[in-house]
Amino acid sequence: MASVQETVLSVPDVSCEHCVKTINGALQNLSGVESVATDIPSKTVHLRYDPSKVSLEKVEAVLDDAGYTIAK
């Protein structure tokens with residue numbers, strides 16, 4: 001069985017419910033993403049994913065396309 005990983009991404013542009021819906025919608029469509037939880041107060045995205053199916057680079061590219069940048 002593939003190991004599921006969890007990560008927390010810092011996304012400074014998260015400010016409202018629209019942001020949450022956009023980010024969650026974009027990431028939930030990715031194959032290999034198990035769950036997405038975007039938190040407005042902490043401006044973070046909690047992600048559970050299967051790294052054998054989707055890379056963090058891919059996640060970052062999808063977020064970038066949606067208009068959100070991950071802070072390094």
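A heavy-atom distance below 4.5 Å is not found between the side chains of Thr38 and Val11. Using a 4.5 Å heavy-atom cutoff, the side chains of Leu30 and Lys58 are in contact. Residues Glu60 and Asp64 are not in side-chain contact: their nearest non-hydrogen atoms beyond the backbone lie 4.5 Å or more apart. In this structure, Leu47 and Leu27 have side chains that are in contact, with non-hydrogen atoms separated by less than 4.5 Å.
For the atom pair OG (Ser3) and CG (Asp50), the distance works out to 7.0 Å, reported to the nearest 0.5 Å. Here CG of Leu63 is found 9.5 Å from OH of Tyr68. Values are rounded to the nearest 0.5 Å. In this structure, the separation between CD1 on Ile70 and CG on Asp13 is 11.0 Å, given to the nearest 0.5 Å. Rounding to the nearest 0.5 Å places OG of Ser35 at 7.0 Å from CD of Glu6. We find the CD1-OG distance between Ile40 and Ser15 to be 7.5 Å, quoted to the nearest 0.5 Å.
Side-chain N/O atoms of Tyr49 and Glu34 include no donor and acceptor closer than 3.5 Å.
Both Val62 and Leu56 are members of a single hydrophobic cluster when ILVMFWY side chains are connected at heavy-atom separations under 4.5 Å.
Shown are Asp39, Thr22, Ile23, Thr44; of these, the side-chain contact (heavy atoms from CB on, under 4.5 Å) with Val14 is made only by Ile23.
Under the salt bridge (Lys or Arg N to Asp or Glu O under 4.0 Å) criterion, Glu17 pairs with no residue, sequence neighbours left out.
Around atom NZ of Lys43, more than 12 heavy atoms belonging to other residues, nucleotides or ligands sit under 6.0 Å away.
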Please lay out, stage by stage, how Val54 and Val59 fare under the test side-chain contact (heavy atoms from CB on, under 4.5 Å).
CA-CA 7 Å; Val54 65; Val59 168; 4.2 Å; yes
